Amino acid sequence: MAGTGSLRRKAQESLGILKSATISHSTQTPGSSSENIMPSVTLPERNGSVLAQKPNFQRKMSTPMMPSFMVSAPGKVIVYGEHAVVHGKAAIAAAISLRSYLLVSFLSKKHRTVTLRFPDIQLEHSWDLDELPWDTFSAPGKKRSYYDMVTSLDEDLLKALQPHIQAVSPSLPESKRKIHQSSASAFLYLFLSLASRKTAPCVYTLRSTIPIGAGLGSSASIAVCLSCALLLQIRALSGPHQDQPGKESELQIERINRWAFVGEMCIHGNPSGVDNTVSSGGKAVFFQRTDYAKPPLVKTLYTFPELPLLLVNTRQSRSTAIEVAKVAALKKAHPLITENILDAIGHVTESAHELIASPDFDASSPTALKHLGDLITVNHGLLVALGVSHPKLERIRELIDHTGIGWTKLTGAGGGGCAITILKPQPTAPNGTADSHTNGNSLSPPTSSEEEDSSSDMDCSASIISTGTKLKHKILDRLEVSLEKEGFEKFETTLAGDGVGVLWPAVLHNGNEEEGGEEIDQEKFLMAEGNEGIEKLVGVASSGRRGRRGEREEVREGWKFWRPWEGGA
């Protein structure tokens with residue numbers, strides 16, 4: 001392994017030189033190329049020794065390829081306010097620890113291709129770099145800078161892309177071809193807007209642990225990954241690093257978010273911007289749009305508590321447009337009643353926002369969490385009244401409510417999709433002891449023998465659902481079996497965590513014996529099986545199953561995030 005370690009050290013040294021050579025934001029242009037600032041190094045033999053100089057033969061110093069790097073961005077859930085947000089009320093959306101991962105691998109100059117690989121949807125396509133419509137994208141009035149805010153797609157640019165998009169998966173059925181080509185459209189629009197003819201040939205490989213088409217912001221997560229990767233390649237971002245001022249972190253996140261929104265427009269046409277905003281910055285956002293002719297009000301909620309979350313996918317397909325139309329039809333038939341329900345949902349969101357934004361908000365307080373949990377329950381009941389739930393969603397809620405482990409609601413458009421559950425903590429009385437009467441429960445915590453009794457009834461008090469108890473683990477295991485028997489898919493995740501993150505170079509310390517850590521190459525990344533395989537190989541959390549059992553997991557060494565809530569002024 002000595003040769004591999006030597007190569008890695010040289011790549012890391014090259015990376016340090018690259019960072020020190022970063023062009024300042026005031027002069028940087030999207031056309032800047034890494035090729036001109038990559039240092040030359042002498043390549044080692046496999047045994048770690050430097051290539052020997054043969055008599056009368058002078059080997060030319062070669063320029064190595066840039067080291068591979070990785071970007072990751074989270075999915076999202078709507079915690080409060082779905083459907084009411086369509087009618088001018090506020091909503092709160094938060095990041096979840098299910099994430100997309102993008103590996104950027106560089107090729108030698110002779111390849112002159114750029115490849116998009118997305119095995120989760122069986123998409124792979126390569127384009128000849130020299131045949132892409134660079135002239136159109138760089139024409140006067142068309143060329144965009146990395147700091148621009150793009151609020152609409154350019155029809156001329158879209159037209160220029162069409163031949164290159166139509167070449168993607170032409171023989172597939174229309175439904176699948178449409179997904180492939182919309183992904184290709186987002187990629188190419190961003191790539192041609194931010195990169196240049198001198199861009200190094202490379203491969204962009206995407207994997208995701210976010211269920212696709214379940215209303216969890218999977219497309220926005222991918223758009224954020226692409227935006228961040230391209231901006232990193234042109235040296236338009238600084239950091240992330242732990243001492244980065246909060247305002248500077250916000251600037252980098254906003255830069256990524258703006259271009260992610262462009263990717264979302266390519267896929268969805270007229271997106272709200274909520275998904276990419278949450279995926280870029282993490283934590284949670286308060287969102288409201290009262291006038292569709294004007295930009296929405298978006299406020300980041302850095303104080304939103306990071307909470308253990310159960311997410312259950314019904315695997316029931318649904319249409320956002322159909323569910324939105326249901327509410328519109330109900331409002332037309334029963335305007336006063338429907339408006340009152342929508343107002344009530346709006347008040348739920350406002351109540352949560354008022355609590356979280358208050359100066360004395362304590363995220364660890366059982367009382368505060370109960371307030372947020374009660375609002376989850378109320379919000380779900382109001383959505384049921386609007387007719388946007390589904391028998392499968394109600395069955396999930398029934399199974400989870402029977403255990404007493406948390407507060408459950410549908411998330412997103414409804415009609416299928418997913419349900420979320422915020423887990424209840426063990427309340428603590430003022431004297432520091434467990435209080436079995438807190439949260440309205442009068443049942444006493446179980447004895448140790450009761451915890452060990454695997455045949456005990458699953459119906460139990462919230463006061464004993466505390467992190468680390470054997471009974472809690474038992475309940476979650478049995479709940480998982482019940483859900484899987486009925487065809488549901490359960491994830492144990494975390495609410496309101498980090499946004500976009502960077503692993504540069506793509507090297508992780510996974511507890512193996514490889515010198516300097518494990519290099520993540522395309523083969524390893526593509527061979528990772530399912531969510532657990534991806535998370536074990538490259539996941540940002542410290543163990544294979546992030547958020548497992550609700551314990552907070554540390555970020556693995558190597559991953560770095562922009563965290564405005566931690567930075568200074």
Side-chain angles (χ1 to χ4, degrees), residues 74-79 82-83 93-100 120-121 208-218 221 307-320 322-323 373 376-377 379-381 383-384 386-424 454 457-460 462 465 471-495 529-535 539 544-550:
K76 73 91 181 60
V77 293
I78 297 179
V79 187
E82 47 270 274
H83 284 286
I96 55 174
S97 56
L98 299 176
R99 306 178 69 93
S100 294
D120 297 345
I121 60 172
S208 181
T209 65
I210 308 168
I212 296 173
L216 301 177
S218 60
S221 174
L307 300 169
L309 186 79
L310 294 186
L311 189 148
V312 183
N313 186 5
T314 63
R315 290 194 170 108
Q316 173 68 43
S317 61
R318 86 286 182 275
S319 165
T320 298
I322 289 175
E323 300 305 317
I376 289 282
T377 302
N379 198 161
H380 180 80
L383 291 169
V384 171
L386 288 177
V388 296
S389 188
H390 186 276
K392 289 186 177 181
L393 287 166
E394 294 308 305
R395 179 56 178 159
I396 289 169
R397 191 172 66 89
E398 180 184 5
L399 289 170
I400 296 176
D401 282 357
H402 183 60
T403 69
I405 66 172
W407 300 276
T408 303
K409 67 179 283 291
L410 67 83
T411 184
C418 295
I420 58 172
T421 301
I422 295 178
L423 296 181
K424 294 177 180 178
S454 62
D457 186 24
M458 285 182 64
D459 187 12
C460 33
I465 305 303
L471 181 58
K472 178 181 179 180
H473 294 179
K474 183 198 309 180
I475 291 168
L476 289 173
D477 285 337
R478 294 169 67 184
L479 176 61
E480 183 168 9
V481 171
S482 297
L483 291 167
E484 288 183 350
K485 279 183 179 178
E486 301 198 24
F488 304 127
E489 182 180 24
K490 180 178 76 68
F491 301 88
E492 293 178 37
T493 179
T494 304
L495 186 67
E529 294 186 10
N531 283 12
E532 290 192 23
I534 295 170
E535 291 179 345
R545 293 188 68 178
R546 75 185 72 253
R548 179 67 175 168
R549 300 309 182 210

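We use all heavy atoms of the structure for the numbers below, so side chains are in, but hydrogens, waters and symmetry mates are not. Note that the structure is a prediction, hence the values are computed from the model and not measured.
Closest approach of Asn379 and Glu82 over heavy atoms only: OD1-OE2, 3.8 Å. Closest heavy-atom contact between Glu323 and Val388: OE1-CA, 3.7 Å. Ala419 approaches Thr408 most closely through the heavy-atom pair CB-CG2, 4.3 Å. Residues Leu423 and Trp407 approach most closely at O-CZ3, 4.0 Å, considering heavy atoms. The minimum heavy-atom distance linking Cys418 with Leu311 is given by the pair SG-CD2, 3.8 Å. Residues Phe491 and Asn531 approach most closely at CE2-ND2, 3.4 Å, considering heavy atoms.
Note: Ile210 CD1 to Thr493 OG1 = 9.5 Å, rounded to the nearest 0.5 Å. The NZ atom of Lys409 sits 12.5 Å away from atom CD1 of Ile400, with the distance rounded to the nearest 0.5 Å. Considering CG of Leu483 and CG of Leu476, their distance stands at 10.0 Å, rounded to 0.5 Å. Atoms CD and CG, on Glu535 and Leu98 in that order, are 7.0 Å from each other to the nearest 0.5 Å. With values rounded to the nearest 0.5 angstrom, Lys76 atom NZ is found 11.0 Å from Ser221 atom OG. To the nearest 0.5 Å, the span separating NE2 on His380 from OG1 on Thr421 amounts to 10.0 Å.
If you check the side chains of His390 and Arg318, you find no donor sitting under 3.5 Å from an acceptor. Neither side chain, Ser218 nor Ser208, offers a donor N or O lying under 3.5 Å from an acceptor on the other.
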Give the intermediate values and the outcome of side chain to side chain contact (heavy atoms under 4.5 Å, CB included) for residues Phe488 and Ile396.
CA-CA 8 Å; Phe488 304 127; Ile396 289 169; 3.8 Å; yes
Test side chain to side chain contact (heavy atoms under 4.5 Å, CB included) on Thr494 and Leu309 and set out the steps.
CA-CA 5 Å; Thr494 304; Leu309 186 79; over 6 Å; no
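Panel note: side chain Thr314, backbone Gly417; a donor-acceptor pair is recorded below 3.5 Å.
Side-chain contact check for Leu479 versus Ile405: some heavy-atom pair is nearer than 4.5 Å. Within the 4.5 Å cutoff, no side-chain heavy atoms of Val79 are placed close to those of Thr411. Between Leu310 and Glu492 there is a side-chain heavy-atom pair separated by less than 4.5 Å.
Within a 6.0 Å sphere centred on CD1 of Ile322, heavy atoms belonging to other residues, nucleotides or ligands number 12 at most.
Using a 4.0 Å cut-off between a side-chain N of Lys or Arg and a carboxylate O of Asp or Glu, Arg478 and Glu480 do not qualify as a salt bridge. Between Arg315 and Glu486 there is no salt bridge, since no side-chain N of the basic residue sits under 4.0 Å from a carboxylate O of the acidic one.
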